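Counting begins at 1 with the first residue of the sequence. For clarity, every value in this text was computed on a predicted model and none was experimentally measured.
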Amino acid sequence: MTMSRGSDNNVTTPQNFYVKLTVPYKALSATTAQANDVKIYLYDDTHMIETVYRDIAIMRSTKISLPFQLTGNTKGHYRIVRNGVTIMEKKNITSKNATK
């Protein structure tokens with residue numbers, strides 16, 4: 001007896017792309033420079049939005065590139081939290097949001 005899994009023609013190739021953005025620095029004190037604690041959360045084929053993707057300390061506005069891998073109709077999502085406050089969030093990310 002021979003078993004077949006069917007055609008592999010329905011396999012969808014993941015789309016890999018980056019979304020670039022700038023995380024703004026916010027001075028916490030007028031007299032001393034203090035780092036901003038920035039946590040970045042991603043949702044795609046390889047990341048869960050509940051898990052911190054990256055945790056960085058910034059002393060000035062900082063450019064970052066967020067990598068996304070999406071298959072089929074999956075939509076990405078990112079959230080940027082600075083010093084415990086969500087400052088940027090975007091849902092429904094697709095390759096159309098990719099930065100060249």
message: Using a 3.5 Å distance criterion without hydrogens, assess whether the side chain of Asp37 forms a donor-acceptor pair with backbone atoms of Asn83.
response: no
query: When Ile, Leu, Val, Met, Phe, Trp and Tyr are grouped by side-chain heavy atoms lying under 4.5 Å apart, directly or through other members, which residues fall in the same group as Val81?
result: Tyr41, Tyr43, Met48, Ile49, Val52
message: Looking at every heavy atom in both Asn97 and Ile93, which two are closest together, and how far apart are they?
response: OD1-CA, 3.3 Å
ring-ring contact (aromatic ring centres under 6.0 Å, His included) against Phe68, all qualifying residues, sequence neighbours excluded: Phe17
Residues Ser95 and Gln15: side-chain donor-acceptor under 3.5 angstrom: yes
- line: Of all heavy-atom pairs linking Ala35 and Leu28, the shortest is O-CD1, 3.9 Å
Sequence-distant partners of Ile87, side chain to side chain contact (heavy atoms under 4.5 Å, CB included), two or more places apart: Val23, Pro24, Ile80, Arg82
task: Quick one: list whatever passes side-chain hydrogen bond (donor to acceptor under 3.5 Å, both in side chains) with Ser29, sequence neighbours left out.
output: Thr31
Set of side-chain hydrogen bond (donor to acceptor under 3.5 Å, both in side chains) partners for Asp55, sequence neighbours left out: Lys39
message: Once side-chain hydrogen bond (donor to acceptor under 3.5 Å, both in side chains) is applied, do any residues pair with Thr22, and if so which ones, sequence neighbours excluded?
response: none
Whether Asn92 side chain and Lys75 backbone form a donor-acceptor pair below 3.5 Å: no
query: Less than 4.5 Å apart, any side-chain heavy atom of Pro67 and any of Leu42?
result: yes
query: How many angstroms lie between atom CG of Asn36 and atom NZ of Lys26, to the nearest 0.5 angstrom?
result: 8.5 Å
query: Quick one: do Tyr53 and Ile56 end up in the same hydrophobic cluster if we chain Ile, Leu, Val, Met, Phe, Trp and Tyr together by side-chain heavy atoms under 4.5 Å apart?
result: yes
message: Quick check for you: to the nearest 0.5 Å, what is the distance between Leu66 atom CG and Ile64 atom CD1?
response: 4.5 Å
